[in-house]
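Working notes for the structure below.
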Amino acid sequence: MSAVKNVIKDNYNMMLLKDYLRNAIKDAGFSHAEISKTPTGTRVALHVTRPGIVIGRKGSGIRDLTEKLATDFGLKNPQISVNEIEKPDLSSSVMCNRMASHLERGTAFRRATMWTMKQIMESGAMGVQITISGKLRGDRSAFEKHVAGILPRAGHHADVIVDEDIAHVETAMGLIGIRIRIANKEKVIPEFELIKEKKKKETKEKQSKKVEEVKVEGDVKVEVVKVEGDEKKAKSESEQIAIEEEKMKTLETLEEDEATMK
């Protein structure tokens with residue numbers, strides 16, 4: 001097999017693996033996975049919002065996931081590490097999955113879009129762009145694009161600063177696509193940063209991190225990176241979405257404004 005076919009095959013397998021992880025550990029807030037081959041095996045770093053759900057009780061979740069990656073995807077001696085995401089609201093993949101869950105529950109697409117944009121900007125993003133397309137209102141397909149803040153669209157800054165992901169959700173009307181692009185202030189080149197922003201970054205870096213190694217039955221070892229904080233988190237992504245759904249009811253949308261004007 002030629003080198004080109006090997007590259008295509010590896011990329012295709014990585015795409016299938018990402019789709020599997022997105023569905024298998026969806027409740028843990030899966031963001032992305034970093035896979036690297038080592039002489040001793042394959043190292044898989046999972047970035048999630050709730051590592052405890054991935055590990056499972058007494059490491060049962062990690063053992064099942066390790067066996068699945070070895071048998072179905074052909075990874076040699078997979079070594080899984082779980083990393084907790086510091087700011088889930090600034091991860092495009094996490095916010096795509098949350099917005100897709102809201103649409104699956106029957107939330108209006110504009111209400112879900114405005115709520116997601118509000119959450120991202122309040123978390124400290126420099127800019128955000130949300131594009132939603134599909135059969136939104138009727139039988140004809142349409143798309144809407146919502147932008148807030150400053151979002152580089154081309155050049156080196158767009159490659160470094162902007163984080164982008166796409167998610168699809170099946171509804172009664174048909175398939176709806178969601179594309180979220182987030183510009184992160186922390187990735188700006190230092191020469192272009194303001195003095196106030198530098199001071200804020202220094203205070204954020206002082207927050208200590210704890211790295212723990214959890215040993216489960218067998219030879220499987222899991223590294224969990226925990227970030228200290230005072231905020232209380234929901235136990236799972238489904239609870240987080242249910243909490244947001246209640247808060248979302250207070251959000252004003254264009255549909256309500258049009259109804260009051262009539």
Side-chain angles (χ1 to χ4, degrees), residues 12 14-33 47-50 53-54 85 88-123 125 127-149 151 162-182 233-262:
Y12 179 71
M14 290 302 104
M15 182 189 68
L16 295 179
L17 178 59
K18 182 180 178 181
D19 293 339
Y20 169 75
L21 293 174
R22 187 189 290 268
N23 296 324
I25 54 178
K26 180 180 180 181
D27 209 22
F30 173 74
S31 173
H32 63 283
H47 296 264
V48 298
T49 58
R50 293 165 180 85
I53 297 178
V54 180
I85 302 174
D89 293 338
L90 295 181
S91 175
S92 59
S93 56
V94 173
M95 299 309 292
C96 275
N97 294 334
R98 288 183 180 179
M99 186 172 172
S101 299
H102 287 305
L103 296 178
E104 287 178 353
R105 287 170 169 259
T107 306
F109 71 94
R110 278 185 180 172
R111 185 181 294 274
T113 302
M114 299 306 293
W115 173 262
T116 304
M117 186 179 298
K118 178 184 176 183
Q119 292 294 105
I120 294 172
M121 293 303 296
E122 288 180 353
S123 297
V128 58
Q129 180 187 49
I130 300 178
T131 305
I132 181 170
S133 61
K135 294 182 179 179
L136 305 177
R137 289 176 171 270
D139 295 335
R140 288 191 175 184
S141 298
F143 79 95
E144 289 190 5
K145 186 182 294 184
H146 301 267
V147 184
L151 186 78
V162 179
D163 182 24
E164 178 182 349
D165 197 15
I166 298 174
H168 300 89
V169 54
E170 294 183 1
T171 62
M173 297 293 294
L175 193 66
I176 294 178
I178 303 168
R179 179 186 180 188
I180 297 180
R181 305 181 69 202
I182 301 175
K233 295 183 178 180
K235 295 181 180 180
S236 63
E237 280 294 309
S238 57
E239 292 185 7
Q240 178 70 27
I241 293 167
I243 294 171
E244 290 182 357
E245 192 173 1
E246 292 296 327
K247 295 180 180 179
M248 205 181 298
K249 294 179 181 178
T250 61
L251 190 66
E252 296 182 357
T253 59
L254 296 175
E255 287 85 351
E256 295 178 354
D257 295 339
E258 292 175 357
T260 54
M261 293 177 66
K262 291 180 181 179

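Computed over heavy atoms, backbone and side chain alike; hydrogens, waters and symmetry mates excluded.
When side chains are defined from C-beta on, H47 does not count as touching S93, because their heavy atoms never get closer than 4.5 Å. The side-chain heavy atoms of V48 and I53, taken from C-beta on, include no pair separated by under 4.5 Å. Between M99 and I132, the closest side-chain pair of non-hydrogen atoms falls below 4.5 Å. Residues I176 and K135 fail the side-chain proximity criterion, which asks for heavy atoms closer than 4.5 Å. You'll find the side chain of R98 stays beyond 4.5 Å of the side chain of Q119, heavy atoms only. Using a 4.5 Å heavy-atom threshold, the side chains of R181 and L151 count as touching.
To the nearest 0.5 Å, atoms NZ (K145) and CZ (R179) are separated by 7.5 Å. The structure places CZ of R111 at 11.5 Å from NE2 of H102, a figure rounded to the nearest 0.5 Å.
Taking each heavy atom of L90 and I120 in turn, the nearest pair found is CD2-O, 3.9 Å. The shortest non-hydrogen separation linking I182 to S91 is CD1-C, 4.0 Å. Listed here is the closest heavy atom pair of S31 and I85: CB-CD1, 3.2 Å. Taking all atoms of both residues into account, the shortest heavy-atom contact from A167 to R22 is CB-NH1, 4.5 Å. Considering every non-hydrogen atom in both L175 and H168, the closest pair reads CD1-CB, 4.1 Å. The two residues V94 and G29 have their closest heavy-atom pair at CG2-O, 4.0 Å.
The number of heavy-atom neighbours closer than 6.0 Å to CG of D19, taken from other residues, nucleotides and ligands shown, is above 12. For E170, the CD atom is loosely surrounded, since the number of other residues' heavy atoms within 6.0 Å does not exceed 12.
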